[in-house]
Structures are given as C-alpha cells and as structure tokens.
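Take a look at the structure set out below.
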Amino acid sequence: MFSLTPVLVAIVCILIVWIFKNGGRSLEKRSGEPPARAEVPPWVDDALKDNSELDQEEEDVDERPEFEESVDFIPFSHTQYPEKEMIKRSQEFYELLNQRRSVRFISDEQIPMEVIENVIKAAGTAPSGAHTEPWTFVVVKDPNMKHKIREIIEEEEEINYKRRMGDRWVRDLKKLRTNWIKEYLDTAPVLILIFKQVYGLDANGRKKTHYYNEISVSISCGLLLAALQNAGLVTVTTTPLNCSPRLRVLLDRPVNEKLLVLLPVGYPSKGATVPDLRRKPLEQIMVTV
C-alpha cells in the first residue's frame with residue numbers, strides 16, 4: 001500500500017501540470033476571441049482616445065532644439081462692457097444657443113461657401129495645448145464622396161446597433177428614433193469632418209507632441225456648433241464609431257489624423273421635427289463654492 005504513494009503523488013503532479021497547461025491554453029483561446037459585448041464598452045474606440053501623453057515618443061534631450069521659435073508678446077486688446085450690457089449680451093447669447101437642436105432632417109438647399117469658411121475660422125480660434133492647433137476640418141460637397149461616406153458609416157453603424165452597442169444603449173436611443181440609416185449624409189449640402197492630429201511633424205520630419213489633442217479639438221467643435229447656430233444653420237453631432245480608419249483613407253488624410261466628429265450642415269428640411277426634450281435647469285448644472 002505504501003509503495004503506491006509515490007505513484008499517486010506522481011499522478012497528482014501530472015494532473016496539476018495538465019490542468020494548468022490546458023487552462024492557460026483556454027485563456028489564450030478566449031483572449032483571441034472577439035470580446036463579449038458586455039465586457040468591452042463599444043464607445044472605447046481607438047480613434048476617440050486622447051493618447052497625446054501615452055503614445056508620443058520621447059525626444060532625445062540632446063537632439064531637442066533649444067527653442068523651436070521665438071514668439072513676441074503684444075499688447076492685449078480688450079473691450080470691457082458696462083455691467084448691464086454684459087448681462088444683456090450674455091442673456092442674448094444664451095437664448096441664441098438655447099435654440100440649438102440636433103436636426104436630422106436637413107434640406108439639400110445649397111449654402112454659401114463663405115459662411116462655411118467663416119464658421120471654420122471661428123472654430124480655429126479655440127485654445128489648444130501649447131498652441132499646437134491639432135485640428136483639420138475636411139469640407140465635403142461632392143455628392144459622390146458624400147455617398148461613399150454614407151455607405152461606410154451605415155455599414156459600421158448597422159454593426160454597432162446590432163452587435164457592438166449593447167441592448168441598453170440601443171434602448172436609450174429608441175426615444176430619439178435613431179438607427180443606422182443616415183439620409184442626411186446625402187441630403188446635407190456640406191459635411192464637415194473634424195480630424196484630430198494626434199501628433200505633428202517638425203521641420204526635420206520628427207514627431208511633434210500635440211498636447212491634449214482631443215480636448216483641444218473638442219473645444220474647437222463646441223465653437224463650431226455655436227458659430228453654425230449663429231449663422232442660422234443646423235447640424236447633428238455624430239461620432240461614427242469604428243469608421244475613422246476607412247474615412248481617413250477615403251479622404252486621403254495622413255496617418256497622424258483620426259476622425260473625432262462629423263457634422264452634416266445645412267438648412268432644416270421642410271417639416272423637420274426634433275424630439276421634445278428639456279435641458280437641465282441651472283441649479284442642476286452649476287455649483288458655486
């Protein structure tokens with residue numbers, strides 16, 4: 001009986017090794033499978049990550065120029081309004097922006113290109129990390145190109161709605177009556193695709209860090225929305241998940257650019273409707289300390 005003990009020990013050891021070995025293989029197999037819908041949030045899209053601090057290659061200190069450029073300082077020009085005028089202007093600006101809505105029914109009526117140029121210039125006044133201005137605004141007017149963009153987006157959006165987004169997200173969107181069909185991408189006279197430049201290139205062709213590139217471009221998009229509203233135009237903010245690589249290639253953009261936001265721009269179509277939504281009151285969005 002005692003002579004069997006070493007044999008039993010050996011068998012147990014073999015079983016343990018076999019369990020760990022095959023368990024590791026099963027984990028490797030599972031890691032290679034598509035992630036479950038509930039485990040990986042669909043909004044974690046590589047194109048939407050701000051990786052300015054994580055992915056930028058550190059320059060060799062000895063290779064860094066002491067100063068890339070010299071910037072002169074000039075007197076700041078400022079207009080200070082009387083208190084009543086300040087209150088009046090701020091109230092009027094709020095009332096203007098409070099009329100802004102996400103409009104999905106856009107007319108094919110043409111709009112002046114000078115207006116588009118002006119609103120993009122306004123967006124370009126946004127602050128940016130170290131004044132890198134990491135944005136590119138691609139304006140698409142060509143009907144064939146707009147339709148190609150629509151085909152790419154609808155193909156990916158159908159997958160998003162059916163597989164990637166999850167039941168909760170799709171359920172939350174039902175009240176807005178949205179789906180993967182994006183007719184406005186064809187009908188809107190202008191599409192503005194806003195790309196963030198995740199890095200730049202210096203005069204020697206080396207990568208140049210664009211600090212807080214996504215935050216900077218997001219601020220610029222906010223100014224663009226305000227400028228469009230001020231000009232009497234409508235849009236709907238879209239972030240085409242998982243479309244950035246294909247749209248970048250289609251529009252012949254460089255590898256350092258990733259799509260952040262797409263805006264179809266125009267006049268509202270006749271009979272356009274929007275959801276009857278209410279915005280949060282001031283006491284729910286402002287805290288004074």
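When a residue number appears, it is its place in the shown sequence, counting from 1. Because only heavy atoms are used, hydrogens play no part in the values below, and waters and symmetry mates are left out as well, while side chains stay in.
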Open item on the list: Side chains of Tyr199 and Val255, heavy atoms from C-beta outward: is any pair under 4.5 Å?
Closed with: yes
Task: Interatomic distance, Ile152 atom CD1 to Leu247 atom CG [nearest 0.5 angstrom] - done: 5.0 Å
- [ ] Say whether Val217 and Leu223 are linked into one hydrophobic cluster, either directly or through other cluster members, by side-chain heavy-atom distances under 4.5 angstrom.
- [x] no
Task: Presence of salt bridge, Arg171 and Asp167, under 4.0 angstrom - done: no
Open item on the list: Could you measure the distance from the CG atom of Leu241 to the CD1 atom of Ile153? Nearest 0.5 Å is fine.
Closed with: 10.5 Å
TODO: Return yes if some donor-acceptor pair links the side-chain N/O of Lys182 with the main-chain N/O of Asn179 below 3.5 Å, else return no.
DONE: yes
Task: Other cluster members, Ile87 - Ile/Leu/Val/Met/Phe/Trp/Tyr, side-chain contacts below 4.5 Å - done: none
Open item on the list: Treating Asn256 as the side-chain partner and Gln197 as the backbone partner, does any N or O pair qualify as donor plus acceptor under 3.5 Å?
Closed with: no
Task: Under 3.5 Å: donor-acceptor pair, side chain of Asn118, backbone of Glu114 - done: yes
Open item on the list: Assess, by modelled atom type and distance only, whether the side chains of Gln99 and Glu95 contain a donor and an acceptor separated by less than 3.5 Å.
Closed with: no
- [ ] Drop me the distance from Leu225's CG to Leu233's CG, to the nearest 0.5 angstrom.
- [x] 12.0 Å
Open item on the list: Tell me if a side-chain donor or acceptor on Thr238 pairs with a main-chain N or O of Leu262 at a distance below 3.5 Å.
Closed with: yes
- [ ] Answer yes or no: is there a donor N or O on one side and an acceptor on the other, between the side chain of Asp202 and the main chain of Asn204, under 3.5 Å?
- [x] yes
Open item on the list: So, applying side-chain contact (heavy atoms from CB on, under 4.5 Å) with Leu263, which one of Val234, Leu191, Leu224 is it?
Closed with: Leu224
Open item on the list: Determine whether a donor-acceptor pair (N or O, by modelled atom type, separation under 3.5 Å) exists between the side chain of Arg248 and the backbone of Arg253.
Closed with: yes
Open item on the list: To the closest 0.5 Å, what do you measure between CD (Glu151) and NE2 (His147)?
Closed with: 4.0 Å
Task: Lys88 NZ to Glu85 CD distance, which is reported to the nearest 0.5 Å - done: 5.5 Å
Task: Nearest-0.5 Å distance, CD of residue Glu154 to SG of residue Cys243 - done: 10.5 Å
TODO: Say whether, by atom type as modelled, one donor and one acceptor occur between the side chain of Thr239 and the main chain of Val261 under 3.5 angstrom.
DONE: no
Task: Leu259 side chain near Leu251 side chain, heavy-atom distance below 4.5 Å - done: no
Open item on the list: Whether the side chain of Glu214 engages the backbone of Lys196 through a donor-acceptor N/O pair (distance < 3.5 Å, no angle test) should be reported.
Closed with: no
Open item on the list: Please enumerate all residues that pass salt bridge (charged side-chain N to carboxylate O under 4.0 Å, His left out) together with Asp186, with sequence neighbours excluded.
Closed with: Arg150
Task: Members sharing Phe105's hydrophobic cluster (side chains within less than 4.5 Å) - done: none
Would you give me the side-chain donor-acceptor pairs under 3.5 Å for residues 279-289, sequence neighbours excluded?
residue : atom : partner : partner atom : Å
Arg279  : NH1  : Asn98   : O            : 2.8
Arg279  : NH1  : Asn98   : OD1          : 3.1
Arg279  : NH2  : Arg100  : O            : 2.6

Open item on the list: Do Val139 and Leu228 land in one hydrophobic cluster if side-chain heavy atoms of ILVMFWY residues count as linked below 4.5 Å?
Closed with: yes
Open item on the list: If we ignore hydrogens and angles and just use 3.5 Å, is the side chain of Thr187 paired with the main-chain N or O of Asp108 as donor and acceptor?
Closed with: no
- [ ] With sequence neighbours excluded, give me every ring-ring contact (aromatic ring centres under 6.0 Å, His included) pair touching residues 75-102.
- [x] Phe76-His78
- [ ] Indicate if Met145 and Ile106 have the same hydrophobic cluster label, given that clusters are the connected sets of ILVMFWY residues with side-chain heavy-atom separations under 4.5 angstrom.
- [x] yes
- [ ] Look at the side chain of Ser216 and the backbone N and O of Gly129, then say whether any donor-acceptor pair between them is shorter than 3.5 Å.
- [x] yes
Task: ILVMFWY clustering at 4.5 Å (side-chain atoms), partners of Val249 - done: none
